[in-house]
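The structure appears right after this line, and notes come after that.
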Amino acid sequence: MSGRKNAGKVSPWLLILISIGCFFATYNFLTMPGRGRDGPRKFLGGGGDRNSAASFGSDSGSDPAKRFHVALTATDALYSQWQSRIMHYWYKEMRDRPGSDMGGFTRILHSGKPDGLMDEIPTMVVDPLPEGKDKGYIVLNRPWAFVQWVQKAKIVEDYILMAEPDHIFVKPLPNLAYGGEPAAFPFFYIKPTENEKILRKFFPEEKGPVSNIDPIGNSPVIIKKAHLEKIAPTWMNVSLKMKEDQETDKAFGWVLEMYAYAVASALHGVRHNLRKDFMIQPPWDLKSDNTFIIHYTYGCDYTMKGQLTYGKIGEWRFDKRSYLQSPPPRNLSLPPPGVPESVVTLVKMVNEATANIPGWEDER
């Protein structure tokens with residue numbers, strides 16, 4: 001990716017200085033008296049707007065106090081771009097419908113330079129980690145991107161939805177966190193209590209049982225902006241420390257950054273309201289009628305009789321990894337009879353987006 005070639009433009013001293021600042025901010029926050037389970041809620045009304053390089057807002061019909069800003073991190077790779085375009089299309093389709101509390105939208109581009117989607121999708125360019133710091137784990141740039149964004153952006157909403165390019169809104173999303181804890185999706189493979197030995201390296205016993213760590217990642221999460229401003233630097237520092245620890249890196253693999261967010265939140269005493277209806281993940285979830293987001297991270301492989309062949313390329317398939325070098329063509333073939341409704345809906349929504357996005361197959 002061209003963004004990685006530009007990573008060398010970022011001085012390692014910059015990251016060191018910010019990391020030191022983040023450490024002291026985190027340390028001061030965690031060691032202040034009275035920071036128990038409910039401590040962070042004192043920040044729920046806090047924080048003015050920051051000076052900013054960009055501001056992307058929206059005047060939806062919902063209560064302004066409930067609106068949340070949609071933020072996703074992305075790279076300039078074509079694979080990330082086409083997913084971001086579909087995600088942004090469905091955001092626009094759902095934003096102003098009844099029941100929506102969606103506010104503005106920002107693609108946080110952590111490739112370090114503008115790309116060909118700047119005029120299509122509201123975007124803020126931030127720096128990637130210094131060359132080699134992510135050790136080939138590109139997702140490690142996500143917490144660093146959010147640190148930069150919350151420091152530089154003028155975010156008019158009090159809440160933020162952290163999302164990803166491979167999310168599709170299937171219906172208007174209300175603020176699931178309004179008036180209470182942040183809302184998050186529980187992942188079955190994030191198991192803090194089964195990894196206590198490792199997690200104690202980053203979550204000391206004086207912070208309480210590891211069951212205080214929620215089984216979540218950072219996305220999808222709707223959270224108070226004031227909470228994220230405090231959690232993001234800790235999330236970044238914990239992510240880097242986990243990646244540098246060989247035992248942790250081996251144990252957590254591609255979900256390391258998710259564990260880091262869960263730990264960082266727990267270090268700040270922030271618990272999440274776990275919402276299984278937040279999103280579904282085909283092909284394992286069969287219906288989309290009781291959810292808000294489709295997350296198409298898994299491949300969907302079926303025989304022409306509608307039988308799942310997961311782990312084996314099917315006679316019919318939809319897998320985002322089939323389109324690493326070029327976007328999916330318009331008018332993908334629909335699944336054969338017998339395939340779950342969730343997969344059918346996914347493909348139909350991809351087709352609708354690609355049919356309506358101008359210049360879909362153009363190089364960006």
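Reckoned from all heavy atoms, side chains included, excluding hydrogens, waters and symmetry mates. The chain is numbered in sequence order, starting from 1.
- Between atom CD of residue Glu352 and atom OG1 of residue Thr345 there is a gap of 11.5 Å, rounded to the nearest 0.5 Å.
- The NE2 atom of His110 sits 14.5 Å away from atom CE of Met124, with the distance rounded to the nearest 0.5 Å.
- Under the 30°/60° scheme for interplanar angles, the aromatic rings of Trp284 and Tyr298 are found to stand perpendicular.
- Within the 4.5 Å cutoff, no side-chain heavy atoms of Asn212 are placed close to those of Ser265.
- Enclosure of atom NZ in Lys287 is not indicated, since only 12 or fewer non-hydrogen atoms of other residues, nucleotides or ligands lie within 6.0 angstrom.
- Nearest approach of Ser333 to Trp316, heavy atoms of both residues: O-NE1, 3.1 Å.
- Aromatic ring orientation, Trp82 versus Trp360: perpendicular (interplanar angle above 60°, classes split at 30° and 60°).
- Classification of the Phe318-Tyr296 ring pair by plane angle, with boundaries at 30° and 60°, yields tilted.
- Side-chain contact between Pro220 and Leu161 is present, with at least one heavy-atom pair separated by less than 4.5 Å.
- Cluster annotation: Leu109 and Ile138 are assigned to distinct hydrophobic clusters (Ile/Leu/Val/Met/Phe/Trp/Tyr, side-chain heavy-atom contacts under 4.5 Å, transitive).
- Put simply, CG on Leu78 and CD on Gln83 are 10.0 Å apart, with the number rounded to the nearest 0.5 Å.
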Pair Ile216-Ile190, side-chain contact (heavy atoms from CB on, under 4.5 Å): steps then yes or no: CA-CA 6 Å; Ile216 61 171; Ile190 302 297; over 6 Å; no

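- With hydrogens and angles ignored, the 3.5 Å screen pairs no side-chain donor or acceptor of Thr354 with any backbone N or O of Arg330.
- Put simply, the side chain of Gln148 gets close to the backbone of Trp144: a donor and an acceptor are under 3.5 Å apart.
- Note that CD of Glu164 is 10.5 Å distant from OG of Ser84, once rounded to the nearest 0.5 Å.
- Of the charged side-chain nitrogens involved, at least one lies within less than 4.0 Å of a carboxylate oxygen, so that Glu244 and Lys133 count as a salt-bridged pair.
- At a threshold of 4.5 Å between side-chain heavy atoms, the hydrophobic network of Ile, Leu, Val, Met, Phe, Trp and Tyr places Leu332 and Val339 in one connected group.
- The shortest heavy-atom contact between Val70 and Met87 is CG1-CE, 3.9 Å.
- Listed here is the closest heavy atom pair of Val270 and Pro182: CG1-CG, 3.7 Å.
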Pair Tyr79, Lys320 - check side-chain contact (heavy atoms from CB on, under 4.5 Å), show working. CA-CA 8 Å; Tyr79 178 65; Lys320 66 178 184 177; 3.1 Å; yes

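- Contact annotation: the side chain of Lys201 never approaches that of Met242 to less than 4.5 Å [non-hydrogen atoms, C-beta and beyond].
- Side-chain atoms of Tyr259 come within 3.5 Å of backbone atoms of Lys191 as a donor-acceptor pair (strictly under, hydrogens ignored).
- The shortest side-chain heavy-atom distance between Asp214 and Arg271 falls under the 4.5 Å cut-off.
- Using a 4.5 Å cut-off between side-chain heavy atoms of Ile, Leu, Val, Met, Phe, Trp and Tyr, with links allowed through other members, Ile121 and Trp90 fall into the same hydrophobic cluster.
- When atom types are taken as modelled, the side chain of Ser342 and the backbone of Asp285 share a donor-acceptor pair closer than 3.5 angstrom.
- Within 6.0 Å of atom CD1 in Ile313, 12 or fewer heavy atoms from other residues, nucleotides or ligands are found, so the atom counts as exposed in its surroundings.
- At a cut-off of 3.5 Å, with distance as the only test, no side-chain donor of Asp63 or Tyr178 sits close to an acceptor on the other residue.
- Counted within 6.0 Å of CG on Asp119, heavy atoms from surrounding residues, nucleotides or ligands total 12 or fewer; the atom is thus considered open.
- Between Phe185 and Thr291 the shortest side-chain heavy-atom distance does not fall below 4.5 Å.
- Distance alone, capped at 3.5 Å, places no donor-acceptor pair between the His227 side chain and the Lys224 backbone.
- In this structure, the side chains of Val126 and Phe146 stay at 4.5 Å or more apart for every pair of heavy atoms.
- In this structure the side chain of Leu173 never reaches within 4.5 angstrom of the side chain of Met94, judged on heavy atoms.
- Of all non-hydrogen atoms in Asn273 and Glu181, the two that sit nearest each other are N-OE1, 3.7 Å.
- Formation of a donor-acceptor pair under 3.5 Å by the Glu157 side chain with backbone atoms of Gly104 is found in this model.
- Criterion: ILVMFWY side-chain heavy atoms under 4.5 Å apart, direct or through other members. Under it, Leu72 and Val125 are not part of a common hydrophobic cluster.
- Within the 4.5 Å cutoff, the side chain of Met279 has no heavy atoms near those of the Phe292 side chain.
- The two residues Arg107 and Ala74 make their nearest non-hydrogen contact at CG-CB, 3.9 Å.
- Taking the six-membered ring for Trp and thresholds of 30 and 60 degrees, Tyr91 and His88 have nearly parallel ring planes, at less than 30 degrees apart.
- Rounding to the nearest 0.5 angstrom, the gap separating the CZ atom in Arg200 from the CD atom in Glu205 is 5.0 Å.
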Quick one, Phe252 with Asn195, criterion side-chain contact (heavy atoms from CB on, under 4.5 Å). Give me CA distance, side-chain angles, the key distance, then yes/no. CA-CA 9 Å; Phe252 292 163; Asn195 291 280; 3.8 Å; yes

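- Residues Ala183 and Arg275 approach most closely at CB-CG, 4.3 Å, considering heavy atoms.
- Residues His272 and Tyr261 place their aromatic rings such that the two centres sit under 6.0 Å apart.
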Working note: Ile293 + Phe169, criterion side-chain contact (heavy atoms from CB on, under 4.5 Å); need CA distance, chi angles, decisive distance, verdict. CA-CA 5 Å; Ile293 294 172; Phe169 295 107; 3.8 Å; yes

